[in-house]
Amino acid sequence: MKLAKRMSRLGTETAFEVLARAQQLERQGRDIVHLEIGEPDFSSPASAIEAGIAGLRSGLTKYTTTPGLLELRTRIAEIEGPRRGLQLSPEQVVVTPGAKPIMFYTILGTVEEGDEALYPDPGFPIYESMIAFAGGKPVPYPLREANGFRLDLDFIADHLTPRTRLVILNSPSNPTGGVEDRESLGRLAELLRPASAWVLSDEIYSHFIYEGSHVSIASFDAMAARTVILDGFSKTYSMTGWRLGFGLMPLELVPHVTRLIVNSVSCTPAFTQKASLAALETRAHTIPPMIDEYRRRREIIVDGLNAIGGVRCVKPAGSFYAFPNVSAFGRSSKEIADHLLDPGGVACLAGTAFGHEGEGYLRLSFATAMEKIREGLSRISSALARL
Ligand code: PLP
């Protein structure tokens, strides 16, 4: 039977494929250290678990309002706006099941046939996949190690055209850990002001910054009116499986995103929204210890990688990923990642899972326990020595 042509333009996220292969090896009795998936190993906040259960018991088991509970949208506006120097109304907050739908809806809602959309390479693979699916032309902009994996503003200036409809930013970055500073975002805002492009600013790792502080492009003059900020509970609150995300966006986009929700998932479960409200209220107790722990793990993983002959790893300023350069081995990233998984016993991702510019790199998540990281480093060291 024939499939729609657009399906050939839809990509995927390799992390889930590598996870499946690693689990297959585990079923055969192999012991695998998982450094592939960007999933915090902390438990979800106890407050969220209690509120979720209480919500279910009190009958929050039905459909609910499409853009999210007003109570939650209000708290998100109050907390997430000022963190970024923005004043938001609850109506500018749209809650979705996970943050990914915000990416999906923003791209579907703004990019059409023939439009160009700039996105980071290496970058989260769903950006390119969704731009192409929507019929747009994906235009990658490189994030290079020599530049601290930060924006190359000259490149962006050269590639902004009258057809550029969307510019995607992701700071702190998955997979590089790079963080954009105020100066370069300010210069980018100047470049974008005369263009007629929307901005999708993926700020899902905004709490996980180890040097400097988070700056949102939306805080620059006139940028809030064209920027959709993507954020959510998966990483910040270690709630990946609950599927809770949100977008902070200009009012004019809200009815359109709401229609996309009605046409796809209808709404986000009310009991999980109650759980996220509770998570917000206990954030002062749950977020700082996670950041401290990631900071410790970052030291161990970066030092451990740099101690391996042929590996060079820049210290990530944010997120929870190390992105070591392994080009000295003269093999493709994919070959190295495959070798590390089997026979090496460590699951990690090839840099090319994030775009062409990722060749020569691996992505290792340090959102996993310290002892696993140490064991993973020791296995990587011996597997690379046998390459
Ligand atoms: N954006 C980036 C950069 C991510 O790394 C991820 C998850 O890995 C997401 C968005 C999606 O988040 P969620 O799991 O809440 O859909």
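As a basis for the values below, the full set of heavy atoms in this structure was taken, side chains included, without hydrogen atoms, waters or symmetry mates. Just so you know, ligand 1 is whichever comes first in the structure, and atom 1 is the first atom listed for that ligand. The model shown is predicted, which means the values in this text are computed figures rather than measured ones.
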A.B. asks: Please output the residues near ligand 1 using a strict heavy-atom distance under 4.0 Å, listed in chain and residue-number order.
C.D. replies: G98, A99, K100, M103, F124, Y127, N170, N174, D202, I204, Y205, S234, K235, R243
A.B. asks: Going by the ring-ring contact (aromatic ring centres under 6.0 Å, His included) test, name the single residue among F354, Y321, F149, F329 that passes it with Y361.
C.D. replies: F149
A.B. asks: Under the rule for salt bridge (charged side-chain N to carboxylate O under 4.0 Å, His left out), what residues qualify as partners of D303, not counting sequence neighbours?
C.D. replies: none
A.B. asks: What is the ring orientation for Y127 with F124, classed by angle as parallel under 30°, tilted 30 to 60°, or perpendicular over 60°?
C.D. replies: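 If you compare the ring of Y127 with that of F124, the planes turn out perpendicular.
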A.B. asks: With sequence neighbours left out, which residue pairs that include part of residues 276-303 fulfil the ring pair (Phe, Tyr, Trp, His ring centres under 6.0 Å) condition?
C.D. replies: F42-Y294, F208-Y294, Y294-F320
A.B. asks: Are the side chains of D231 and R83 in contact, using a 4.5 Å heavy-atom criterion?
C.D. replies: yes
A.B. asks: What donor-acceptor contacts under 3.5 angstrom involve side-chain atoms of residues 362-370, with partners at least two apart or in another chain?
C.D. replies:
from	atom 1	to	atom 2	distance (Å)
R363	NH1	N174	OD1	2.8
R363	NH2	E36	O	2.6
S365	OG	I37	O	3.3
S365	OG	A367	N	3.1

